[in-house]
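Here the structure is laid out as structure tokens; the discussion comes afterwards.
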Amino acid sequence: MSTLRLQPPAALATPDFLWGVATASFQIEGAWATDGRLPCIWGTFCNTPGKILNNDTGEFACDHYHRWAEDVDLMAHLGVDAYRLSTAWGRVMDEKGNPNHKGLDFYKRLLDRLQEKGIQPWVTLYHWDLPQHLEDRGGWLNRDTAYRFAEYADLMSRELKGRVAGWMTLNEPWCSAFLGYGNGHHAPGKANIAYVRPAMHHLLLGHGLALPALKANDPNAKRGIVANVGRGTSDSQAPEDQDAAMLYEVQHNNWVLDPLLKGTYPKALERLWPESRPLVLEGDMETISQPIDFLGINYYFRMNLHSDGAHGFKDVPLKDVERTQMGWEVHPQGLEHLLVSFKAQYGDKLPPIYITENGMASDDAVGPDGQVHDEQRISFLNRHLQAVANAKQHGVDVKGYFCWSLMDNFEWAFGYERRFGLVHVDYTTQKRTPKDSALQLREFLAARA
């Protein structure tokens, strides 16, 4: 085992602080045409040449659809308190909105097994796998998709009532709107900056429309949403470069958080994307800004920004900084800074926070000793956990931490090359091998208990 030790701060070792791991349906389930599951935009994207590294697809992924019991036992062995998963919209409903009971039964068996093992299920309704038939009608550029999402939330909260500790409506709407419709890096692969704000508005509207059904159908479960946030700074003191860093954070953070917590969109978006304007109807912002029980925060990296010479920003990568396999800068201070700044910006409107994703990709392999020595990940986790503890000391109400990810999986446009897991997956044999980070997390959780 690695000589470097995972040593979370004492402030995060209390019984009321929730420790979990996270995954997403398309990234692990496979079985993408099994038991009536409908095609989704990521399946279509995978089958489009040149979109996914090495032409990988999610057809088999980690075969979690068939190995779910083994994977729950793995989590129980690690000793985690909670598991954040997502449900696949196209697995549980047909094109007419009727329930697909084979798909629903899969999730019921999974959630029941988690509860038997004493693991809290936290369920994300939308982790990017929009059914293809809805994309064919305009996807998130079509306001109607928000209403279809509310119907999906209604079905799931009725069917899974009493089995879920916390519901998360959307995962990272920034990625869905910007990467999916603005630059085409993600499914459905649209690349028109004019699309980004309408797509975001309909995503957030879907979130708001879903909340009443979640509350009515499953009143004992918490309700929230997950936002990915990023730290933007500039190594230049030039006013235009400092402005560029500000704009980066506005579009990455405030574009999502302001409508949720203030009921308004940031005015700077008009300056950044003058060609992109959503149609906001009367009552929309009230729907979007309904109170939530918690806010999920996903954090990975910082970016160094300069002005693009127009009305935006450009990334100017810093030299001689630590980076992950994704090329992302390791900057735990950014997480602390953002958490503290959100408390300052939103005050008592900021709900309790869960870190719903944090982790890093590295080129991990099983060594001759049968183990996976991932010291950089252990160091990464130690520093980011300290950042969370520091934010708590500054009065930020952080309730828990979910590591991304339980196991190596299909990393979207990067296919299977990038490994984020605490557990190594051999995609040929589907053998799971806990990495040193997983083994040390287990030691910490056992000692805490």
Side-chain angles (χ1 to χ4, degrees), residues 18-32 34-37 58 60-93 99-127 129 152-153 155-168 171 214 217-218 220-222 354 356-357 400-410 421-425 429-434 438-439 441-442 445-446 448-449:
L18 193 74
W19 281 85
V21 288
T23 65
S25 52
F26 192 84
Q27 293 182 270
I28 66 166
E29 285 179 3
W32 70 2
T34 302
D35 290 339
R37 182 186 177 280
F60 301 105
C62 304
D63 196 30
H64 176 73
Y65 190 75
H66 299 108
R67 299 169 186 266
W68 59 272
E70 172 191 347
D71 291 336
V72 173
D73 289 347
L74 180 59
M75 286 181 264
H77 179 70
L78 294 180
V80 295
D81 304 319
Y83 174 42
R84 178 183 171 226
L85 65 140
S86 76
T87 52
W89 191 342
R91 201 180 285 288
V92 298
M93 295 180 88
N100 174 14
H101 290 289
K102 287 184 177 180
L104 288 165
D105 288 346
F106 164 70
Y107 292 114
K108 288 176 182 177
R109 290 193 300 271
L110 173 60
L111 298 183
D112 288 347
R113 178 69 166 240
L114 288 165
Q115 290 189 335
E116 288 170 12
K117 297 291 185 178
I119 300 170
Q120 293 183 23
W122 289 66
V123 175
T124 308
L125 287 167
Y126 185 70
H127 202 126
D129 45 359
Y152 163 53
L155 171 72
M156 296 306 286
S157 52
R158 280 187 283 111
E159 291 283 343
L160 303 184
K161 176 184 178 181
R163 289 178 162 98
V164 176
W167 290 99
M168 306 172 197
N171 177 74
L214 296 176
N217 296 337
D218 200 6
N220 293 326
K222 293 181 171 67
Y354 290 84
T356 36
E357 287 183 29
Y401 178 93
F402 292 80
C403 186
W404 186 270
S405 174
L406 168 64
M407 55 188 167
D408 298 336
N409 53 50
F410 177 80
L422 295 172
V423 176
H424 181 276
V425 177
T429 65
Q430 292 295 342
K431 181 180 180 181
R432 276 77 159 137
T433 303
L439 299 175
L441 177 63
R442 177 173 178 256
L445 294 173
R448 183 194 66 148

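No hydrogens, no waters, no symmetry mates; every other heavy atom, side chains included, goes into these values.
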| request: Work out which heavy atom in Tyr107 is nearest to a heavy atom in Ala88; give both atom names and the distance. | output: OH-N, 2.9 Å

| Considering all heavy atoms, the nearest His66-Ala31 contact | CE1-CB, 4.2 Å

| said: Given 3.5 Å as the limit, does a donor-acceptor pair link the side chain of Arg442 with the main chain of Gly79, or not? | reply: no

| Side-chain heavy atoms of Met75 within contact of Arg113, under 4.5 Å | no

| request: Go through the steps for Asp129 and Ser25 under the test side chain to side chain contact (heavy atoms under 4.5 Å, CB included), then give the verdict. | output: CA-CA 8 Å; Asp129 45 359; Ser25 52; 2.8 Å; yes

| said: If we ignore hydrogens and angles and just use 3.5 Å, is the side chain of Glu29 paired with the main-chain N or O of Ala24 as donor and acceptor? | reply: no

| message | How close do Trp122 and Ala165 get, counting heavy atoms only, and between which atoms? | response | NE1-CB, 3.7 Å

| Distance, nearest 0.5 Å, that separates CG of Leu439 from CG of Leu422 | 10.0 Å

| query | Do the charged groups of Lys117 and Asp73 touch, with an N to O distance under 4.0 Å? | reply | yes

| said: To the nearest 0.5 Å, what is the distance between CD on Gln120 and CG on Leu111? | reply: 12.5 Å

| Side chains of Arg37 and Trp32: does their closest heavy-atom pair fall under 4.5 Å? | yes

| Is there a donor-acceptor pair under 3.5 Å between the side chain of Asn100 and the backbone N or O of Asp35? | yes

| field | Sub-4.5 Å side-chain heavy-atom contact between Tyr65 and Arg91 | value | yes

| request: Anything under 30° is parallel, anything over 60° is perpendicular, the rest tilted; go ahead and classify Trp89 against Tyr152. | output: parallel

| query | When rounded to the nearest 0.5 angstrom, what distance separates CG in Asp81 from CD1 in Ile119? | reply | 9.0 Å

| said: Just to verify, which of Val425, Leu110, Asn409 counts as forming a side-chain contact (heavy atoms from CB on, under 4.5 Å) with His64? | reply: Leu110

| task | Taking the six-membered ring for Trp and the full ring for Phe, Tyr or His, determine whether the centres of Trp19 and Tyr401 are under 6.0 Å apart. | result | yes

| message | As an exercise, state the distance from OG1 of Thr356 to CZ of Arg84, rounded to the nearest 0.5 Å. | response | 5.0 Å

| said: Is there a side-chain contact between Trp167 and Leu160 in this structure, where contact means two heavy atoms from C-beta onward sitting under 4.5 Å apart? | reply: yes

| 4.5 Å side-chain heavy-atom contact, Lys161 and Asn217 | no

| Side chain to side chain, Met156 and Asp218, heavy atoms closer than 4.5 Å | no

| task | Looking only at non-hydrogen atoms, find the nearest pair between Gly103 and Val92 and report the distance. | result | C-CG1, 4.1 Å

| query | Do Asn171 and Ser86 have side-chain atoms, one donor and one acceptor, less than 3.5 Å apart? | reply | no

| query | Looking only at heavy atoms, what is the nearest atom pair of Ala22 and Ser405, with distance? | reply | O-OG, 2.8 Å

| query | How about Lys102: does its NZ atom have over 12 heavy atoms from other parts shown lying under 6.0 Å from it? | reply | no

| For Val80 and Val21, which heavy atoms make the closest approach, and how far apart are they? | CG1-CG1, 4.1 Å

| Atom CD of Glu357 and atom OG1 of Thr23: how far apart are they, to the nearest 0.5 Å? | 9.5 Å

| task | Using a 4.5 Å cut-off on heavy atoms from C-beta on, say whether the side chain of Ile28 contacts that of Leu406. | result | no

| field | Separation of Gln115 CD from Arg163 CZ (nearest 0.5 Å) | value | 7.5 Å

| Side-chain contact, heavy-atom cut-off 4.5 Å: Leu74 with Pro434? | yes

| request: Using a strict 4.0 Å threshold on nitrogen-to-oxygen distance, state whether Arg432 and Asp71 make a salt bridge. | output: yes

| Hey, what's the ring geometry for Phe106 with Trp68, parallel, tilted or perpendicular (30° and 60° as the breaks)? | perpendicular

